[in-house]
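Small disclaimer: the values here were computed from a predicted structure and weren't measured.
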Amino acid sequence: RFNPTPAAAGVSGNPFDLTMFYRNQWSDLDDALHTTIVNAEGYVPTLKSNLGFTFSYDKPSSAKQDINALVSYSFRFDISAKYKLSLGLAAGIMNRRYDPSKLILDSPNDPGMDYEKNNSLKADFSAGAELTSDRLTVGLGIVHLGNNSAGTMDDSYNQQQVYTYARYYIPAAYKFDVAPSASWLHYDGDNLFELGLTGLYERKYWAGVAWRPNSAVVFSAGLQLYMFRLGYAYDLGLGDSKVMDGGVNEIMLQFSLGKK
């Protein structure tokens, strides 16, 4: 949640969290998509503030490489004994490298292709807000804030993205919780919805399923052991996405100081 919502950084209250995320999309294809994200963040109780850094490397194809580096700041308000509100900002750079010589094309003279090598660097900003309690989490994030450029093949990369989400923990039985969730992502004219349900034991072990209409069913599981959290998710494509080979595999590893 840190990347689309800088306000979510530090909500754990730990002095330091280091999170590594890897996503491998359509792994059976020769030119599979890869995404790697590293987050580092720490909460300062005396200031009710959090400082963070995120670095992401995305390889949408053999010809494209995207790098995004951001520093973030968030401030937490105690709006009641039960609820806390966090407001966050992030600023950094966004770099795209495009080298058409690395493309493998069936038609090398396709007039619809961009054959010009490009290396672009621009400033990047994000903002977000998150309301939390022991059971409820509701958030809003805006990525690539104010960037509404259009007319290039990089639209979805450059375009402003709006992300909202909600989750509620419901006590079910002995040390078990059930957590329904919902999210909405809007970018480049598209709207992506997701509905999910996760079962948790002591909030340290979990397994869940989520549904994205006409896109995918996502299965996830994970555990927390002392200072470490490990999670795995697999996206099974639906509809037009079903023709892609290998599905989507995601792995998350987190190390936390101060984790109980």
Side-chain angles (χ1 to χ4, degrees), residues 1-9 11-12 17 19-28 32-37 39 54 56 58 60 126 128-143 156 161-173 175-224 229-254:
R1 291 182 294 118
F2 173 79
N3 293 88
T5 312
V11 295
S12 66
D17 289 332
T19 306
M20 292 163 284
F21 172 88
Y22 176 75
R23 175 185 175 95
N24 185 357
Q25 189 168 343
W26 306 326
S27 55
D28 289 350
L33 285 68
H34 301 274
T35 301
T36 302
I37 300 173
N39 291 331
T54 183
S56 66
D58 193 28
S126 299
E130 185 173 83
L131 178 69
T132 59
S133 71
D134 289 341
R135 296 186 183 181
L136 176 67
T137 300
V138 179
L140 167 69
I142 305 176
V143 180
S156 62
Q161 303 174 14
V162 180
Y163 180 64
T164 62
Y165 56 90
R167 169 177 283 194
Y168 188 77
Y169 292 94
I170 303 172
K175 295 185 179 181
F176 284 93
D177 291 301
V178 176
S181 61
S183 66
W184 168 69
L185 172 64
H186 175 78
Y187 76 101
D188 199 26
D190 292 328
N191 293 286
L192 303 178
F193 298 93
E194 180 177 295
L195 297 174
L197 186 67
T198 303
L200 305 95
Y201 176 69
E202 294 185 336
R203 297 199 186 181
K204 293 183 178 181
Y205 310 93
W206 66 90
V209 61
W211 172 61
R212 300 173 190 149
N214 301 316
S215 178
V217 175
V218 183
F219 302 95
S220 62
L223 56 86
Q224 175 186 320
R229 298 180 74 205
L230 176 66
Y232 172 79
Y234 177 79
D235 296 18
L236 178 64
L238 300 175
D240 293 339
S241 299
K242 193 174 182 179
V243 302
M244 298 300 181
D245 296 328
V248 179
N249 297 277
E250 299 177 352
I251 299 174
M252 182 275 296
L253 176 63
Q254 183 181 74

Applying side-chain contact (heavy atoms from CB on, under 4.5 Å) between S126 and each of T54, T5, V143, report the one that passes.
V143
Can you name the residues that form a side-chain contact (heavy atoms from CB on, under 4.5 Å) with A210, not counting sequence neighbours?
E194, V218
Can you name the side-chain contact (heavy atoms from CB on, under 4.5 Å) partners of N191, sequence neighbours left out?
W184, H186, F193
How many angstroms lie between [atom1] in [X] and [atom2] in [Y], if you round to the nearest 0.5 Å?
X	Y	atom1	atom2	answer
R23	T36	CZ	OG1	12.0 Å
R212	L192	CZ	CG	8.0 Å
Y232	N249	OH	CG	3.5 Å
I142	T164	CD1	OG1	10.5 Å
E250	Y22	CD	OH	11.5 Å
Q161	D190	CD	CG	10.5 Å

V217/F219 under side-chain contact (heavy atoms from CB on, under 4.5 Å): CA gap, chis, key distance, verdict
CA-CA 7 Å; V217 175; F219 302 95; 3.6 Å; yes
Residue pair [X] / [Y]: nearest heavy atoms and the distance that separates them:
X	Y	value
T198	W206	CG2-CB, 3.9 Å
A216	D235	CB-CB, 4.4 Å
L140	Y165	N-CE2, 4.2 Å
D134	Y169	O-CD1, 4.2 Å

Tell me every residue that passes salt bridge (Lys or Arg N to Asp or Glu O under 4.0 Å) with [X], counting only those two or more places apart in sequence or in another chain.
X	result
R167	none
D58	none
R203	D177

With sequence neighbours left out, write down each residue that passes ring-ring contact (aromatic ring centres under 6.0 Å, His included) with Y201, or none if nothing qualifies.
F176
Between L197 and V178, is the side-chain contact (heavy atoms from CB on, under 4.5 Å) condition met? List the steps.
CA-CA 7 Å; L197 186 67; V178 176; 3.3 Å; yes
Close side-chain approach of Y234 to L236, heavy-atom, < 4.5 Å
yes
